[in-house]
Each structure stands twice: as structure tokens, then as C-alpha cells.
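Notes to accompany the following structure.
Excluded from the calculations below are hydrogen atoms, water molecules and symmetry mates; all remaining heavy atoms, backbone and side chain alike, are included.
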Amino acid sequence: MKAIAVYPGKPHSIHLTETTRPEIENIPNGRGVLVKVLRVGVDGTDREINEGLYGAPPPGEEILIIGHENFGRVEAVGPNVAGLTPGSYVVATVRRPGRSLYDQIGLCDMTTDETYYERGINLLHGYLAEYYADDSAYLIEVPPALKEVGVLLEPSTVMEKGWAQARAIQQRLKIWRPQRAAVLGAGTIGLLATLILRLRGLEVTAFARRRKPYLKADLTEAIGARYLSTREVSLQEAARRYGPFDLILEATGHAPIAFEAMEALGKNGVLILSSVTVGQGRSDIPADQINLGFVLGNKVAVGTVSANREHFEAGLRDLALAESAYPGWLKRLLTHPVKGLENYKRLFQLLEEEKEAIKIYCEAADL
Ligand code: BGC
Ligand code: ZN
């Protein structure tokens with residue numbers, strides 16, 4: 001079968017390769033599922049892998065099949081698979097268990113192992129191929145009514161896990177009624193975060209560099225959130241005007257913003273950090289002020305990576321809610337389809353160059 005792969009560590013090594021089609025017989029305990037890949041989204045992680053900054057091949061192999069934002073249709077199932085049947089639409093999670101205690105209790109997203117396993121990213125092949133096979137435990141069934149937007153499920157899990165973490169942390173307050181949130185970044189993750197927080201009834205202020213009007217600002221306002229350009233209003237000023245922010249999600253990919261967010265966060269607030277920053281950047285920060293604000297304000301900052309099954313399930317519920325609360329909104333995020341695996345060059349060219357894009361994705365096969 002066709003697959004798109006890189007030589008991890010080697011810049012711009014993306015290429016089309018021919019590999020053997022995976023077989024469900026190779027998945028233990030009769031729980032294998034063979035999935036035909038329909039759509040795969042690409043994001044900053046894929047760009048960094050192709051730049052050679054991130055990612056590793058499976059042990060003993062030279063190439064890594066990339067792609068982690070997946071959507072597909074079940075082709076065949078092993079004898080011990082319950083629930084899924086050929087024709088079911090599915091999304092697979094990305095991380096797979098390692099060895100730590102957290103991995104053993106179903107929280108591989110919270111692993112303490114040095115080595116982590118992520119399909120399409122680290123040590124495991126991804127989904128940018130004609131087929132993949134996996135254990136049914138890692139597959140989430142998507143109702144056919146959501147098939148058009150199913151490729152947005154994986155990116156939605158960033159905010160879903162962030163929200164779940166914030167909720168768990170804020171149990172310290174006995175009563176937590178967040179009213180105002182800030183979302184930093186208006187890419188796919190930021191827009192989906194704004195959506196999820198709006199669906200929870202919060203007043204959301206979203207920040208990105210560019211001045212409105214343009215699509216990301218329109219999409220933000222279409223769901224009743226406020227869009228601010230940081231060229232016009234600083235985060236601190238906005239916090240005075242529209243805060244205090246009970247929750248902030250940082251999803252810009254630019255680490256210094258995380259420290260600005262610490263300053264802008266309200267008392268008892270929770271800051272969720274989600275940007276995977278692989279550079280070596282340094283920056284000058286008002287350390288005393290940030291520290292003082294955290295101490296006197298009982299603030300929390302929490303990092304979040306990957307997601308487990310429950311976050312995918314929460315994401316699915318929110319995609320369904322979004323379709324009824326804001327019909328057609330999710331589809332507007334799917335700005336740049338690229339048809340056919342063989343057009344991978346176009347896919348990555350858009351990823352590197354198209355600043356207007358929200359979701360760039362490969363249509364590997366028809367829905
Ligand atoms: C993926 C996550 C992954 C993270 C770090 C993100 O792009 O969506 O699943 O955990 O990168 O590798
Ligand atoms: Zn990703």
C-alpha cells in the first residue's frame with residue numbers, strides 16, 4: 001500500500017513509499033481492526049517532523065510513516081472485537097502505553113517514562129497511509145452524521161484534556177464557576193478551544209496577532225466569542241478590560257506568551273499550556289511580578305500533552321453539540337483539502353506556506 005513517510009532527523013525527507021498492508025492477525029488477542037484511512041489532518045508537529053526537529057522511527061526501521069490526526073472506516077475486525085463492524089467510522093488515539101504506573105492504569109497520556117510512543121510522531125507508524133491496523137481499545141467510533149468533521153476530533157482533544165485537567169485541579173476550590181476565559185492562538189486548536197469553552201457557557205476572549213476582519217476572527221465571533229488582535233490590545237490590557245480570566249489556554253506555539261499569560265491570569269485561575277516548543281528560545285520575563293501574582297493569587301499553570309480515550313469521547317460529544325448549536329461552523333475550519341496521498345508535496349507545501357489555512361488535510365479516500 002501507499003504511505004507517506006520521513007527519515008526522522010533528516011530535513012525535508014517527506015516521500016511516498018510502498019509498504020505492506022497491515023494485518024489484523026498481527027494485533028494480539030483477536031482485537032485487531034483494519035481501518036481504511038479516509039482523512040488525515042496535518043499540523044505543526046508534522047511540519048517539525050519534516051523539518052527533522054522531532055520524531056523517531058519504529059525501532060529497527062529507518063522511516064516513520066507520519067500523520068496523527070486521523071479519520072477512517074473499518075474494513076475488517078478480529079474475532080474479539082465488540083461494537084465495531086466493517087463500515088463503522090473511527091478515529092484512533094495517538095499515544096500508546098509505555099511502562100509507568102500511569103500507563104498501566106490507562107493514563108498513557110500522563111506517562112512518566114522518558115520514552116513515549118505516539119503513532120505518526122514517535123516510534124510508531126502513523127496514519128498517512130491507505131490502511132492502518134490497531135487494537136480496538138484505541139479506536140473511537142464516530143457516528144456517520146459527524147463523518148464530514150471527524151478529522152477534527154484529534155485536535156479537539158487538546159482542549160478536552162485541558163478542560164478535564166483544569167476541572168480536576170480546581171476541585172481545590174470546592175466551588176469553581178469559571179466565567180471568563182482567554183484563548184491564545186486562533187489556529188485549529190485555538191478555535192476548537194474557543195468552541196468548547198463557549199459550549200460550556202464561558203465568556204471567551206480569543207487572541208491572535210492578525211487584525212480582523214479575516215476568517216479566524218469571523219469564526220471566533222460567529223460563536224459569540226470576542227476576537228482581539230495583540231497588535232491592537234496587549235494581553236495585560238485585555239485582562240484589565242475583559243478579565244479577570246479564570247482560565248487561559250495557551251496554544252500559540254510561542255513560549256514567551258506562556259509567561260505573559262501567567263501575568264494575565266486571574267486569582268485562583270488556571271493556565272493550560274499546550275504548545276510543543278522544540279526550539280532553544282530564551283526570554284526576559286518579569287520574574288518577581290509573575291511569581292508574586294502566582295503566590296498571592298493562588299494561581300496554577302498546568303502542562304498538557306496528548307489525550308486518552310475519555311478526552312476523545314468528550315470531543316465527540318462536543319462536535320455533536322457544536323453541529324446543533326452552531327450548524328455548519330465546524331466545516332468552515334476544513335479550509336484546505338488535498339485529494340490523494342500521492343499529492344503529499346502539496347499537503348506539506350500548504351503546511352509551510354499557507355498562512356490563511358485553518359485545517360489542511362489529506363483526503364486519502366472518499367467518505
Ligand atoms: C499531537 C499530540 C502529541 C503531541 C506531542 C501533537 O501534535 O496532537 O497527540 O502528544 O503533538 O508529540
Ligand atoms: Zn497534533
I'd like to know if [X] and [Y] make a salt bridge, using a cut-off of under 4.0 Å between side-chain N and carboxylate O.
X: E75; Y: K36; value: no
X: E69; Y: R39; value: no
X: R200; Y: E160; value: yes
X: R226; Y: E221; value: no
X: R31; Y: D134; value: no
X: R309; Y: E313; value: yes

Checking [Y] against [X]: is there a side-chain donor and acceptor pair closer than 3.5 Å?
X: R172; Y: Q170; result: yes
X: E356; Y: H336; result: no
X: E250; Y: T252; result: yes
X: D109; Y: N308; result: yes
X: T335; Y: R332; result: no

Side chain proximity check, [X] to [Y], heavy atoms < 4.5 angstrom:
X: V90; Y: I140; result: no
X: L128; Y: C362; result: yes
X: Y89; Y: L38; result: yes
X: V151; Y: N70; result: no
X: L184; Y: I248; result: yes
X: M1; Y: T20; result: no
X: K2; Y: L16; result: yes
X: V338; Y: Y361; result: no

Any idea which heavy atoms bring [X] and [Y] closest together, and the distance?
X: A181; Y: L197; answer: CB-CD1, 3.9 Å
X: L34; Y: I24; answer: N-CG2, 3.2 Å
X: R99; Y: D113; answer: N-OD2, 2.6 Å
X: T17; Y: A5; answer: CG2-CB, 4.0 Å
X: V33; Y: S136; answer: CG2-CB, 3.7 Å
X: G150; Y: V91; answer: O-CG2, 3.7 Å

Is the terminal nitrogen or CZ of [X] (NZ for Lys, CZ for Arg) located under 6.0 angstrom from the six-membered ring centre of [Y] and within 45° of that ring's axis?
X: R21; Y: Y131; value: yes
X: R95; Y: Y116; value: yes
X: R119; Y: Y117; value: no

Is there a donor-acceptor pair closer than 3.5 Å between any side-chain N or O of [X] and the backbone N or O of [Y]?
X: K359; Y: V42; value: yes
X: R198; Y: L202; value: yes
X: D46; Y: I49; value: no

**Message:** Centroid separation under 6.0 Å, is that true for the rings of H15 and Y7?
**Reply:**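 Yes.
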**Message:** Before we go on, tell me: are the rings of Y132 and Y138 under 6.0 Å apart, centre to centre?
**Reply:** no
Could you see if [X] belongs to whatever hydrophobic cluster contains [Y]? Use Ile, Leu, Val, Met, Phe, Trp, Tyr and a side-chain cutoff under 4.5 Å.
X: W163; Y: L330; answer: no
X: V94; Y: V35; answer: yes
X: F294; Y: L173; answer: no
X: L316; Y: L192; answer: yes
X: L273; Y: V158; answer: no

**Message:** If you apply the rule side chain to side chain contact (heavy atoms under 4.5 Å, CB included), what do you find for Y227 with L219, and how did you get there?
**Reply:** CA-CA 9 Å; Y227 178 90; L219 285 164; over 6 Å; no
**Request:** Evaluate side chain to side chain contact (heavy atoms under 4.5 Å, CB included) for Y214 paired with K216, printing each intermediate quantity in order.
**Result:** CA-CA 6 Å; Y214 75 118; K216 292 173 186 175; 3.6 Å; yes
**Prompt:** Between CD of E51 and NZ of K10, what distance do you get to the nearest 0.5 Å?
**Reply:**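 Going from CD on E51 over to NZ on K10, the span is 15.5 Å.
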**Item:** NZ-CE distance between K299 and M262, expressed to the nearest 0.5 angstrom
**Value:**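 Output value for this atom pair is 9.5 Å.
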Determine whether more than 12 heavy atoms belonging to other residues, nucleotides or ligands lie under 6.0 Å from atom [atom1] of [X].
X: E62; atom1: CD; value: no
X: Y102; atom1: OH; value: no
X: D284; atom1: CG; value: no
X: E114; atom1: CD; value: no

**Prompt:** Pick from I223, L321, T220: which one makes a side chain to side chain contact (heavy atoms under 4.5 Å, CB included) with L195?
**Reply:**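 Output: one option passes, namely I223.
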**Request:** Check the pair E61 / H125 against side chain to side chain contact (heavy atoms under 4.5 Å, CB included), numbers first and verdict last.
**Result:** CA-CA 10 Å; E61 296 187 43; H125 286 312; 2.8 Å; yes
**Message:** Run K161 and M110 through side chain to side chain contact (heavy atoms under 4.5 Å, CB included) and show every step you take.
**Reply:** CA-CA 11 Å; K161 178 176 170 184; M110 302 300 275; 3.4 Å; yes
